[in-house]
**Student:** 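Below is the structure I would like to discuss, written out as structure tokens.
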Amino acid sequence: GFLCHFEADGWDVTREPGEPGETETLHASVEAIGAMALQDDELLRAVNSSELEANAQGCATIPGWFHGFDLIEYAVLNLVAAAGGARLRIVEVGSYLGMSACFTSHLLRLLGVEADLHAVDIWSGHEDWVPAKDVQLIAEHSQTAGDMLGAFRHFMDSANATYDEALLHKSDSVNRTLLGTFAPESIHFLYLDSGHSEAGTLEELTLWWPKMVVGGWVCGDDFNMPGV
């Protein structure tokens with residue numbers, strides 16, 4: 001994964017050596033990088049709670065590839081510490097069946113944070129790229145063949161995660177209509193895990209960049225992949 005802090009003059013990227021066999025990965029965690037602006041005892045108690053750990057384990061049972069719980073935790077905690085109670089806007093691009101959205105939902109609830117959590121995904125065409133082990137699960141919980149949004153709802157509900165139906169966007173990541181729903185400098189936290197080609201990743205970053213508030217955070221997955 002990767003973690004970037006959006007500043008007025010560009011991105012400040014936090015780097016750390018990757019796992020064995022990977023060329024390089026960008027990784028951040030509260031333990032590895034330190035508390036930084038996190039001086040609020042109540043926030044730290046919430047993030048260290050057994051309830052959050054149990055919820056994270058529940059989210060981890062949702063099919064998917066997500067391994068960035070610490071990235072989300074780190075970014076959200078720093079945003080909360082800096083926001084002064086302002087409502088946050090969080091956008092996840094590439095939600096699949098909800099593993100990462102599930103964790104973010106539980107984290108926000110335990111922190112008592114007011115936030116809009118948007119999930120963006122094409123939620124279709126799974127015959128091309130979804131693992132065979134997930135195909136049957138998706139079929140069982142999809143309202144129509146090839147439509148994964150029903151399965152997303154099922155797994156979020158099963159893990160007691162909350163979501164706003166109006167903030168579920170069945171769309172690709174570079175759809176201009178979708179992008180037009182977000183005003184410039186309106187997103188505090190963006191998580192990208194969608195297109196994995198070089199051209200697609202560059203297009204996503206170019207289009208979503210103007211939507212970020214100064215001081216916002218961008219996380220993403222699969223930094224070890226050549227295109228990303």
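Position 1 is the first residue of the sequence, and the numbers go up from there. If you're wondering where the values come from, they're calculated on a predicted model, not measured in any experiment. As a basis for the values below, the full set of heavy atoms in this structure was taken, side chains included, without hydrogen atoms, waters or symmetry mates.
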**Student:** Check for a donor-acceptor pair, side chain of Ser95 on one end and backbone N or O of Gly98 on the other, with a separation under 3.5 Å.
**Tutor:** no
**Student:** Decide yes or no on side chain to side chain contact (heavy atoms under 4.5 Å, CB included) for Asn55 and Leu110, but give the supporting numbers first.
**Tutor:** CA-CA 10 Å; Asn55 289 331; Leu110 282 173; 4.2 Å; yes
**Student:** Within this structure, what is the CG-CG distance for the pair Leu107 and Leu77, rounded to the nearest 0.5 Å?
**Tutor:** 6.0 Å
**Student:** Between Leu167 and Val76, is there a shared hydrophobic cluster once you connect ILVMFWY residues whose side-chain heavy atoms come closer than 4.5 Å?
**Tutor:** no
**Student:** Please report the shortest heavy-atom distance between Gly216 and Leu79, naming the atom on each side.
**Tutor:** CA-CD2, 4.3 Å
**Student:** Is it the case that the side chain of Trp208 and the backbone of Ser173 share a donor-acceptor pair, with hydrogens and angles ignored and the cut-off at 3.5 Å?
**Tutor:** yes
**Student:** Just by distance, do the side chain of Asp134 and the backbone of Val130 share a donor-acceptor pair under 3.5 Å?
**Tutor:** no
**Student:** Has the side chain of His106 got a donor or acceptor atom that lies under 3.5 Å from a matching backbone atom of Ala159?
**Tutor:** yes
**Student:** For a quick test of reading the model, state the closest non-hydrogen atom pair linking Leu111 to Val80 and the distance between them.
**Tutor:** CD1-CG2, 4.4 Å
**Student:** Determine whether Leu179 and Val93 fall in the same hydrophobic cluster, where Ile, Leu, Val, Met, Phe, Trp and Tyr are linked whenever their side-chain heavy atoms lie under 4.5 Å apart.
**Tutor:** yes
**Student:** Taking 4.0 angstrom as the limit, do Asp121 and Lys170 come out as a salt bridge?
**Tutor:** no
**Student:** Please confirm whether Tyr96 and Trp65 have ring centers closer than 6.0 angstrom.
**Tutor:** yes
**Student:** Test side chain to side chain contact (heavy atoms under 4.5 Å, CB included) on Thr162 and Leu108; report intermediate values, then the result.
**Tutor:** CA-CA 10 Å; Thr162 58; Leu108 293 171; over 6 Å; no
**Student:** If only atom types and distance count, is the side chain of Thr201 paired as donor or acceptor with the main-chain N or O of Glu198 below 3.5 Å?
**Tutor:** no
**Student:** I need the Leu88 CG to Glu114 CD distance, nearest 0.5 Å.
**Tutor:** 9.5 Å
**Student:** Mind running side chain to side chain contact (heavy atoms under 4.5 Å, CB included) on Trp123 and Ser142 for me, showing each step along the way?
**Tutor:** CA-CA 10 Å; Trp123 281 311; Ser142 295; over 6 Å; no
**Student:** Heavy-atom distance under 4.5 Å between the side chains of Tyr163 and Cys102, does that happen here?
**Tutor:** no
**Student:** Hey, are the side chains of Ile72 and Ile90 touching, using non-hydrogen atoms and a 4.5 Å cut-off?
**Tutor:** no
**Student:** So Pro210 and Glu185, do their side chains get closer than 4.5 Å, heavy atoms only?
**Tutor:** no
**Student:** Measure the shortest side-chain to side-chain distance between Leu168 and Leu149 over non-hydrogen atoms and say whether it is less than 4.5 angstrom.
**Tutor:** yes
**Student:** To the nearest 0.5 angstrom, please state how far the CD1 atom of Ile187 sits from the CG atom of Asp116.
**Tutor:** 11.0 Å
**Student:** Between Ser50 and Glu53, is any side-chain donor less than 3.5 angstrom from a side-chain acceptor?
**Tutor:** no
**Student:** Hey, is the main chain of Tyr74 close enough, under 3.5 Å, to the side chain of Asn78 for a donor-acceptor pair?
**Tutor:** yes
**Student:** Is there a donor-acceptor contact under 3.5 Å from the side chain of Ser124 to the main chain of Ile122?
**Tutor:** yes
**Student:** Nearest 0.5 Å, what's the CZ-NE2 distance between Arg153 and His141?
**Tutor:** 14.0 Å
**Student:** Side chains of Pro63 and Leu137, heavy atoms from C-beta outward: is any pair under 4.5 Å?
**Tutor:** yes
**Student:** Salt-bridge test for Glu203 and Arg176: reply yes if a basic N is under 4.0 Å from a carboxylate O, no otherwise.
**Tutor:** yes
**Student:** I'd like to know if the side chain of Ser105 reaches the main chain of Ala101, judged simply by a donor and an acceptor atom lying under 3.5 Å from each other, with no hydrogens or angles considered.
**Tutor:** no
**Student:** Is the gap between the ring centers of Phe182 and His118 under 6.0 Å?
**Tutor:** yes
**Student:** What class does the angle between the rings of Phe69 and Phe103 fall in, given that below 30° is parallel, 30 to 60° is tilted and above 60° is perpendicular?
**Tutor:** parallel
**Student:** Check the hydrophobic clustering (I, L, V, M, F, W, Y; side-chain heavy atoms under 4.5 Å; chains of links allowed) and say if Met148 and Val135 are grouped together.
**Tutor:** yes
**Student:** Within this structure, what is the CZ-CG distance for the pair Arg89 and Leu190, rounded to the nearest 0.5 Å?
**Tutor:** 12.0 Å
**Student:** Would you say Thr61 and Met99 make side-chain contact, with heavy atoms under 4.5 Å?
**Tutor:** no
**Student:** Working to the nearest 0.5 angstrom, can you tell me the gap between Arg109 CZ and Thr104 OG1?
**Tutor:** 13.0 Å
